[in-house]
**Student:** 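Before I ask anything, let me first share the structure, which is written out below as structure tokens.
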Amino acid sequence: MEDEERNPDWMSRLPEELLDVPLWNLAIPGSHDSMSFCLDVSSPVVRSEPCLLRAIDRLFPCWTRPCVSHWATTQQSVLSDQCELGVRFLDLRIARKPAGGNNLFFAHGIYTLVTVKEALDELAIWLDAHPKEILIICCSHFESLSDEDHFHLAEFIITLFGEKLCPSQDIPTLRSCWSRRQQVIVSYRNQQVVLQHPELWTGIPYWYADSPDPKKVIAYLEDQKHKGRPAGFYVSGLNLTEDAPYVLLHPLQGMRKMTMKALSLLLLWAGEQRPGREADGVNILCCDFVAVSRFCSLVIGLNYKPLSGAGAAAPPVCRKLRASPTDAVGEPT
């Protein structure tokens with residue numbers, strides 16, 4: 001696979017015909033488990049994992065934690081680099097870490113090294129440098145968060161992004177967001193918090209096959225398409241999922257190797273899709289390891305399909321993204 005290309009300002013370069021299209025009718029690249037590049041192998045297994053795994057972790061942490069990290073790492077780039085690649089949907093799974101003090105972290109099997117505040121601050125800085133790009137941030141899972149944690153997190157998000165937030169009552173288009181200097185849509189999977197804060201959006205549906213077999217993933221997504229797409233934002237997950245039998249049969253493989261074997265087939269399916277309001281139109285497509293293929297460029301290019309008969313220009317050629325030293329944090333060996 002070729003390394004991905006940079007698409008730091010692809011939204012601002014879309015043709016005029018797409019500027020008044022609701023964002024849920026555009027094709028948008030997303031990263032699955034966006035913060036898993038920085039998993040902390042010194043942290044315990046999260047409480048929502050099976051009891052047996054947590055019991056083994058208490059007895060043999062030097063074995064369980066590297067193994068969990070090996071399978072739970074699904075990205076290798078920091079958030080700002082993912083945004084440079086073209087990712088505009090971020091899957092942030094928030095958790096309270098034991099002995100983490102007042103800070104909130106992220107989790108996928110185990111907890112992360114980077115805090116929620118650090119990650120969101122990084123995104124705010126990136127948005128300032130790219131004023132016509134719009135991020136959809138999905139906050140979910142909320143492992144062990146209290147009502148007080150939710151209150152403080154929502155207040156922090158609203159204070160940090162301020163007027164950049166697009167409220168949930170709007171029908172966001174590129175032109176409408178630009179005119180109001182809005183750059184952030186925050187989906188928050190806690191309905192009580194959403195009801196209290198109109199700046200936040202309800203949870204975005206995520207079509208997820210829960211299978212390690214790419215053919216089953218594609219069959220599931222096709223079946224969902226035949227049922228008709230949701231009215232607003234929704235995600236088609238191209239990510240694979242390992243189950244316990246698969247891990248036992250492939251203990252040394254890891255998520256990266258499993259993904260690389262399946263990626264060509266998954267990207268072939270993605271390249272055949274079209275965005276739009278039609279029942280089978282795609283919206284957000286999420287993938288693992290977005291930095292090791294042309295996934296983002298491929299999804300961005302789907303937006304030009306409805307315009308192909310109107311002589312629309314092809315998407316611009318972008319530069320290669322050089323790996324930064326931080327990219328390797330948490331990457332499976």
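Position 1 is the first residue of the sequence, and the numbers go up from there.
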**Student:** Do Gln191 and Thr202 have side-chain N/O donor and acceptor atoms under 3.5 Å apart?
**Tutor:**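 Yes, Thr202 and Gln191 have a side-chain donor paired with an acceptor closer than 3.5 Å.
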**Student:** Decide whether Ser31 and Gln75 meet the rule of one side-chain donor and one side-chain acceptor closer than 3.5 Å.
**Tutor:**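 No, because no side-chain N or O of Ser31 sits under 3.5 Å from a partner of the opposite role on Gln75.
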**Student:** Under 3.5 Å, side chain of Asp170 to main-chain N/O of Pro172, donor-acceptor pair present?
**Tutor:**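 It does not hold such a pair.
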**Student:** List the atom pairs, with distances to 0.1 Å, where a side-chain N or O of residues 46-56 and a protein N or O form a donor-acceptor pair under 3.5 Å, not counting sequence neighbours.
**Tutor:**
residue: Ser48; atom: OG; partner: Glu143; partner atom: OE1; Å: 2.8
residue: Arg54; atom: NE; partner: Arg47; partner atom: O; Å: 3.2
residue: Arg54; atom: NE; partner: Glu49; partner atom: O; Å: 3.2

**Student:** Counting only heavy atoms from other residues, nucleotides and ligands, does the tally under 6.0 Å from CD of Glu272 exceed 12?
**Tutor:** yes
**Student:** Here's a test for you: under side chain to side chain contact (heavy atoms under 4.5 Å, CB included), which of Ile137, Ile185, Val193 qualifies with Leu200?
**Tutor:** Val193
**Student:** Look at the side chain of Glu133 and the backbone N and O of Met11, then say whether any donor-acceptor pair between them is shorter than 3.5 Å.
**Tutor:** yes
**Student:** Donor-acceptor pair, Ser36 side chain versus Thr74 backbone, under 3.5 Å?
**Tutor:** yes
**Student:** Which residues pass the ring-ring contact (aromatic ring centres under 6.0 Å, His included) test with Trp269, sequence neighbours left out?
**Tutor:** none
**Student:** Applying ring-ring contact (aromatic ring centres under 6.0 Å, His included), can you list everything that pairs with Phe89, at least two apart in sequence or on another chain?
**Tutor:**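 Phe89 satisfies ring-ring contact (aromatic ring centres under 6.0 Å, His included) with no other residue.
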**Student:** When you compare the side chain of Pro15 with that of Leu307, does any pair of heavy atoms fall below 4.5 Å?
**Tutor:**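 Contact flag for Leu307/Pro15 side chains = yes.
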**Student:** Do any pairs count as a side-chain hydrogen bond (donor to acceptor under 3.5 Å, both in side chains) and have a residue in residues 277-292, sequence neighbours left out, and if so which ones?
**Tutor:** His32-Asp288
**Student:** I need the full list of ring-ring contact (aromatic ring centres under 6.0 Å, His included) pairs touching residues 151-180, with sequence neighbours left out, sorted by first then second residue.
**Tutor:** none
**Student:** How would you list, by chain and number, every residue that makes a side-chain hydrogen bond (donor to acceptor under 3.5 Å, both in side chains) with Glu118, sequence neighbours excluded?
**Tutor:**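 Scan of Glu118 (side-chain hydrogen bond (donor to acceptor under 3.5 Å, both in side chains), adjacent residues dropped) gives Thr115.
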**Student:** How long is the span from the CZ atom in Phe295 to the CG atom in Leu267, to the nearest 0.5 Å?
**Tutor:**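 Spacing of CZ (Phe295) from CG (Leu267) equals 7.5 Å.
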**Student:** Using salt bridge (Lys or Arg N to Asp or Glu O under 4.0 Å) as the criterion, list what pairs up with Lys117, not counting sequence neighbours.
**Tutor:** Asp121
**Student:** Is there a side-chain contact between Cys138 and Arg189 in this structure, where contact means two heavy atoms from C-beta onward sitting under 4.5 Å apart?
**Tutor:** yes
**Student:** What pairs meet the salt bridge (charged side-chain N to carboxylate O under 4.0 Å, His left out) rule with one or both residues in residues 194-207, with sequence neighbours excluded?
**Tutor:**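 Residue pairs with at least one partner in residues 194-207: there are none.
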**Student:** Quick check against the 3.5 Å criterion: does Lys305 have a side-chain atom that pairs as donor or acceptor with the backbone of Gln273?
**Tutor:** yes
**Student:** For the side chain of Ser12 and the backbone of Lys132, is there at least one donor-acceptor N/O pair under 3.5 Å apart?
**Tutor:**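 No: the side chain of Ser12 does not pair with the backbone of Lys132.
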**Student:** If you round to the nearest 0.5 Å, how far is OG of Ser293 from CD of Glu5?
**Tutor:**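 If we round to the nearest 0.5 Å, Glu5:CD and Ser293:OG are 10.5 Å apart.
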**Student:** Would you say Val292 and Arg256 make side-chain contact, with heavy atoms under 4.5 Å?
**Tutor:** yes
**Student:** Testing the basics here: between Ile171 and Ser176, what is the closest heavy-atom pair and its distance to 0.1 Å?
**Tutor:**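 Reported closest heavy-atom pair: O-OG, 3.9 Å.
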**Student:** Donor-acceptor pair, distance only, cut-off 3.5 Å: does the side chain of Arg229 make one with the backbone of Gly232?
**Tutor:** yes
**Student:** Nearest 0.5 Å please: distance from the SG atom of Cys287 over to the CG atom of Asn239.
**Tutor:**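 It comes to 7.5 Å.
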**Student:** Has Asn303 got a side-chain atom pairing as donor or acceptor with Leu26's backbone, closer than 3.5 angstrom?
**Tutor:** no
**Student:** Could you tell me if the side chain of Thr112 sits less than 4.5 Å from the side chain of Cys38, heavy atoms only?
**Tutor:** yes
**Student:** Would you say the side chain of Gln82 lies within less than 4.5 Å of the side chain of Ser34, judging by non-hydrogen atoms?
**Tutor:**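 SC-SC contact between Ser34 and Gln82 confirmed.
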**Student:** Just jot down the salt bridge (Lys or Arg N to Asp or Glu O under 4.0 Å) partners of Arg65, sequence neighbours excluded, or say none.
**Tutor:** Asp57
**Student:** If a pair satisfies salt bridge (charged side-chain N to carboxylate O under 4.0 Å, His left out) and one of its residues is in residues 20-40, list it, with sequence neighbours excluded.
**Tutor:** Asp20-Arg175, Asp33-Arg93, Asp40-Lys97
**Student:** My understanding is that only residues two or more places apart in sequence, or in another chain, count here; which of them pass side-chain hydrogen bond (donor to acceptor under 3.5 Å, both in side chains) with Thr241?
**Tutor:**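 Per chain and number, Thr241 pairs via side-chain hydrogen bond (donor to acceptor under 3.5 Å, both in side chains) with Tyr208.
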**Student:** Does some side-chain heavy atom of Leu79 sit less than 4.5 Å from a side-chain heavy atom of Met35?
**Tutor:**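 The answer is yes, as the side chains (C-beta and beyond) meet within the 4.5 Å cut-off.
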**Student:** Suppose we screen for ring-ring contact (aromatic ring centres under 6.0 Å, His included). Which residues come up paired with Phe105, at least two apart in sequence or across chains?
**Tutor:**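 Counting only residues at least two positions away or on another chain, Phe105 forms no ring-ring contact (aromatic ring centres under 6.0 Å, His included).
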